[in-house]
Amino acid sequence: MPDRKDGWREQLGVRRLAGDTFEVACLPFFTQGICHRDVVAVDDDQLVTSVVHKSGHRTLRVALVMKYEVDREKAREMIQAKVSETGLPHEWLHGTYLAVDLPPGSNADSLVHLLTSLAQSGNLFWEIES
């Protein structure tokens, strides 16, 4: 997997399967191409070298970009209420970044509708990655 240009890397929680093969046991916030329960291979420096098996999970990522903390908190509360309704596993980072696990067959349509609305006003960016 290519390094970011600035040398920054995200530390992933994993579970060893065998030798240099691990199952991802977290929700990646920033790492592209890797989702919860994917199986990855690592090198001697513990850096991911490849995805051995895709789990079928997808990751929905959100980044709040509002200037004013009060507005950001209101949006965060709205998003949290909607993601809680879905029952999908999720995690916030610094109250600004959200990662949501989308297991195979899951439905996040109501959350996507809310995020699309907020994104149109320039308040956040979001994506779903396989």
Side-chain angles (χ1 to χ4, degrees):
M1 315 260 23
D3 288 343
R4 285 178 45 135
K5 290 182 182 178
D6 61 5
W8 179 92
R9 295 181 183 95
E10 179 175 12
Q11 182 176 347
L12 301 175
V14 296
R15 180 176 63 88
R16 183 183 298 270
L17 298 177
D20 66 349
T21 307
F22 296 81
E23 180 182 63
V24 176
C26 67
L27 302 177
F29 281 95
F30 306 106
T31 303
Q32 298 291 308
I34 298 175
C35 296
H36 182 65
R37 304 211 54 199
D38 285 354
V39 176
V40 297
V42 301
D43 63 17
D44 291 339
D45 294 322
Q46 300 300 308
L47 299 176
V48 174
T49 57
S50 65
V51 176
V52 176
H53 174 74
K54 293 295 288 178
S55 64
H57 288 240
R58 297 175 298 148
T59 304
L60 186 150
R61 295 185 182 98
V62 178
L64 298 175
V65 295
M66 300 164 161
K67 293 180 188 177
Y68 302 105
E69 190 171 331
V70 172
D71 294 335
R72 187 171 46 243
E73 186 57 30
K74 286 179 185 176
R76 187 183 139 4
E77 288 173 4
M78 287 176 22
I79 295 167
Q80 179 60 44
K82 188 60 71 177
V83 77
S84 292
E85 282 177 22
T86 68
L88 294 168
H90 62 282
E91 184 177 350
W92 284 93
L93 177 65
H94 304 302
T96 303
Y97 300 100
L98 171 66
V100 180
D101 180 36
L102 302 176
S106 61
N107 183 337
D109 291 348
S110 62
L111 179 57
V112 166
H113 181 74
L114 173 62
L115 295 175
T116 300
S117 171
L118 291 171
Q120 288 173 347
S121 61
N123 292 323
L124 60 81
F125 296 104
W126 70 276
E127 68 179 4
I128 295 178
E129 183 181 7
S130 305

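- By the side-chain contact (heavy atoms from CB on, under 4.5 Å) test, Thr116 pairs with Val112, Gln120, Trp126, sequence neighbours left out.
- Ser110 approaches Thr86 most closely through the heavy-atom pair OG-CG2, 4.1 Å.
- Using a 4.5 Å cut-off between side-chain heavy atoms of Ile, Leu, Val, Met, Phe, Trp and Tyr, with links allowed through other members, Met78 and Leu111 fall into the same hydrophobic cluster.
- In the hydrophobic clustering, Val52 connects to Leu17, Val39, either directly or through intervening members, whenever side-chain heavy atoms lie under 4.5 Å apart.
- For the atom pair CG (Leu27) and CG (Leu102), the distance works out to 9.5 Å, reported to the nearest 0.5 Å.
- The salt bridge (charged side-chain N to carboxylate O under 4.0 Å, His left out) analysis of residues 94-121, with sequence neighbours excluded, yields no pairs.
- Applying the salt bridge (charged side-chain N to carboxylate O under 4.0 Å, His left out) test to Lys74 and every residue at least two apart in sequence or in another chain returns nothing.
- For the residue pair His90/Gln80, the side-chain donor-acceptor check at 3.5 Å is satisfied.
- Side-chain heavy-atom separations under 4.5 angstrom define the hydrophobic clusters, and the remaining members of the one that includes Phe125 are Val65.
- Shortest non-hydrogen contact noted between Ser130 and Lys54 is O-NZ, 3.4 Å.
- Here the CZ-CD1 distance, from Arg58 to Ile128, works out to 5.5 Å after rounding to the nearest 0.5 Å.
- When the salt bridge (charged side-chain N to carboxylate O under 4.0 Å, His left out) test is applied to Glu127, the partners found at least two apart in sequence or on another chain are Arg61.
- When the side chains of ILVMFWY residues are joined at heavy-atom separations under 4.5 Å, either directly or via intervening members, Leu88 and Ile34 end up in two distinct hydrophobic clusters.
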